[in-house]
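The block underneath contains the structure these notes are about, expressed in structure tokens.
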2 protein chains.
Amino acid sequence: MRSSAEDLTTRARIRDAAIGLFGRDGFARATVRAVASTAGVSPGLVIHHFGSKAGLRDACDQHVLAQTATQGREKADPVSTRQLIQDYLNHPDQYADEITYIRRTLSDESEAGDAFFDAVVKQTQDIIHAGMEAGTIRKFDDVRSTAVVIASNSLSILMLGRHLSRTLGTLGPEPHGIGPELLRQLTLPALEIYTHGFYADARFLDAAREAINTNTSTNTGREHAP
Amino acid sequence: MRSSAEDLTTRARIRDAAIGLFGRDGFARATVRAVASTAGVSPGLVIHHFGSKAGLRDACDQHVLAQTATQGREKADPVSTRQLIQDYLNHPDQYADEITYIRRTLSDESEAGDAFFDAVVKQTQDIIHAGMEAGTIRKFDDVRSTAVVIASNSLSILMLGRHLSRTLGTLGPEPHGIGPELLRQLTLPALEIYTHGFYADARFLDAAREAINTNTSTNTGREHAP
DNA sequence: TCGCAGATTGAACAAGTGTTTAGTCTATGA
DNA sequence: TCATAGACTAAACACTTGTTCAATCTGCGA
């Protein structure tokens, strides 16, 4: 369900070209002239529509991340999430630019990236709470930290997708590397760890518990943030 | 154990300044003039020593990643790894530039980043094999994919450290966000998942096994890479 | 002491950058 | 019909970029 063809307003065409180039080359490396050339317009028109290169970036941020955030908020339940994944697996190239752009936004420092990450964590937290009540997810003391860990692990595929697919030899036509083959190959190992754990017993966990409990008083670390 | 003071050769001072700026601002945004100014020399001298800006990047890659790779290869056993972590927790700011630089290298496309990631995966694979024999790590069918998942999860702290500490409120003076407080707060939740799992039972795992086994024949995916 | 190779600099160059500006084209409403 | 607003362009501007170059400075071996 995307505006696919060339029947877009010029402003939208420029913005989409910028999303592709900003994601692929980064904001600094991507030039206004390249964006204009990709969109088939003159450099001046880019400035005319967006005020400045920074304004163009803001428009891209708002478009990609607002869209993804609302999608995420609407489809917070596991069923819709599964449908979203299925939709992606059927049309992977439709989302390529968005994925690359989000990865770049999370890498560079930006308020849009911060907001997106926080939204993912919040959504994960909601899922964990619901799963704990439903009995599908184990009970955790520190749900917030657990959600941060899970979100971080999930987003690592987004951040390192190129490396993952390169190492596993599942590199498809997608520049970010996150293709159906990669997901198919990682799903079972990840779910095994999430189901039966990674370690054979609680040795490491107990040792860490003890170390942290004894260290908190003697350590040189600063006080806890309020 | 770092060459701390100003008793460095000019070439090394330029390289260290570049490591800091390339990591913080990225290769494109960081200018030769800024590197020269930080090192207290003229822009021409930077070129004189490294041939070009790209040559300077190569030197930085080789310095940071070769150093880290050898460290990783020497300290592959869990005991030394723990000592390395302890060493970091005691002197976090000494490693700040290296951490930021490695994160940037993994984000941008570069052979050095590829080699580093592969080294981490290989090291993780060795640890898993050893742990499986020693009985501390569960038995996995697909050790390579499991190692990729574990490595990806571990590196996510590196890639998203700024977001993690920002969300959890453990932001210290480090620009990358990976401070002692963050690690202390994430250790137990991560180890709990790695020990007892995340899901309450094998429902999701079994469902995924079934879905993948039935899909592999009917799916439109291409053949497996050799 | 001399000479020379390398370190180092300041200024300049050429290319590329974001942005501005003057002007043309086009549609739309009075 | 015509005036006006906005889309749009080509050219230029001001600035930054990486790099070069001629010229000094410095240390060291003969």
Side-chain angles (χ1 to χ4, degrees), chain A residues 3 5-64 101 104-105 107-112, chain B residues 3 5-64 101 104-105 107-112:
Chain A
S3 46
E6 279 286 338
D7 50 8
L8 282 170
T9 177
T10 304
R11 191 187 143 94
R13 247 177 38 239
I14 295 174
R15 185 206 52 213
D16 286 355
I19 288 171
L21 288 176
F22 286 168
R24 204 174 309 276
D25 304 331
F27 180 72
R29 260 180 301 238
T31 69
V32 172
R33 280 172 173 81
V35 171
S37 167
T38 303
V41 298
S42 70
L45 190 62
V46 176
I47 303 298
H48 170 73
H49 274 300
F50 297 94
S52 67
K53 193 187 179 186
L56 177 58
R57 196 236 306 258
D58 291 345
C60 293
D61 281 350
Q62 206 217 344
H63 184 74
V64 174
Y101 190 88
R104 263 259 140 63
T105 309
S107 284
D108 305 346
E109 304 191 14
S110 81
E111 294 185 19
Chain B
S3 45
E6 279 286 338
D7 51 6
L8 282 169
T9 177
T10 304
R11 190 188 144 93
R13 248 176 38 238
I14 296 173
R15 177 200 3 96
D16 286 355
I19 289 171
L21 287 176
F22 286 169
R24 204 175 310 275
D25 305 332
F27 180 72
R29 261 181 299 241
T31 70
V32 173
R33 280 173 172 80
V35 171
S37 167
T38 304
V41 299
S42 69
L45 191 62
V46 176
I47 304 297
H48 170 73
H49 274 300
F50 296 94
S52 67
K53 193 187 179 185
L56 176 58
R57 197 238 305 260
D58 291 344
C60 293
D61 281 351
Q62 205 217 344
H63 184 74
V64 174
Y101 189 88
R104 263 257 140 64
T105 309
S107 284
D108 305 346
E109 304 190 15
S110 82
E111 294 184 19

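Just so we're on the same page: letters track the sequence lines, and every chain starts at 1. Heavy-atom basis, side chains included; hydrogens, waters and symmetry copies ignored.
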message: If you only use heavy atoms from C-beta on, which nucleotide in D:dC8, C:dG18, D:dT19 is closest to the side chain of A:Val32?
response: C:dG18

message: Measure CZ/A:Phe50 against C1'/D:dG6 and give the value in whole Å, please.
response: 15 Å

task: Starting at CG of A:Asp16, measure out to CG of A:Leu21 and round the result to the nearest 0.5 Å.
output: 11.0 Å

statement: Against the side chain of B:Arg33, the closest entry in D:dA7, C:dT19, D:dG18 is D:dG18

task: Using only side-chain N and O atoms of B:His48, determine if any of them is under 4.0 Å from OP1 or OP2 of C:dT8.
output: no

query: Taking CZ from A:Arg57 and P from C:dG18, how many angstroms apart are they, rounded to a whole number?
result: 12 Å

field: Side-chain (A:Thr105) to main-chain (A:Tyr101) donor-acceptor, under 3.5 angstrom
entry: yes

- request: Kindly point out which of D:dC8, D:dT17, D:dT19 is positioned nearest to the side chain of B:Thr31?
  value: D:dT17

message: Heavy atoms from C-beta onward define the side chain here; which of D:dT9, C:dT9, D:dT19 lies closest to that of A:Leu45?
response: D:dT9

Check: A:Cys60 and A:Leu56 side chains under 4.5 Å, non-hydrogen atoms: yes

task: Using a 4.0 Å heavy-atom cut-off across all strands, classify B:Ala30 as base, sugar-phosphate, or nothing.
output: sugar-phosphate

task: Nearest whole angstrom, please: distance from the P of C:dT8 to the CZ of B:Arg11.
output: 12 Å

message: If I take atom CG in residue A:Leu56 and atom P in nucleotide C:dT17, what distance separates them, rounded to the nearest angstrom?
response: 15 Å

- prompt: What is the distance from CD1 of B:Ile14 to P of D:dT19, rounded to the nearest Å?
  reply: 14 Å

Presence of B:Thr10 side-chain N/O under 4.0 Å of C:dT8 phosphate oxygens OP1/OP2: yes

query: Is any NZ, NE, NH1 or NH2 atom of the basic residue among A:Arg15 and A:Asp58 found under 4.0 Å from an Asp or Glu carboxylate oxygen of the other?
result: no

Main-chain N/O of B:Ala34 paired to B:Thr31 side chain as donor or acceptor, under 3.5 Å: yes

message: Need one value for A:Ala36: base, sugar-phosphate or nothing, where a base atom within 4.0 Å counts as base even if backbone is also close, heavy atoms only.
response: nothing

message: Checking contacts here: which listed nucleotide (D:dA7, D:dT9, C:dT19) is nearest the side-chain heavy atoms of A:His49?
response: D:dA7

Options D:dG18, C:dT20, C:dT9, nucleotide nearest the side-chain atoms of A:Ile47: C:dT20

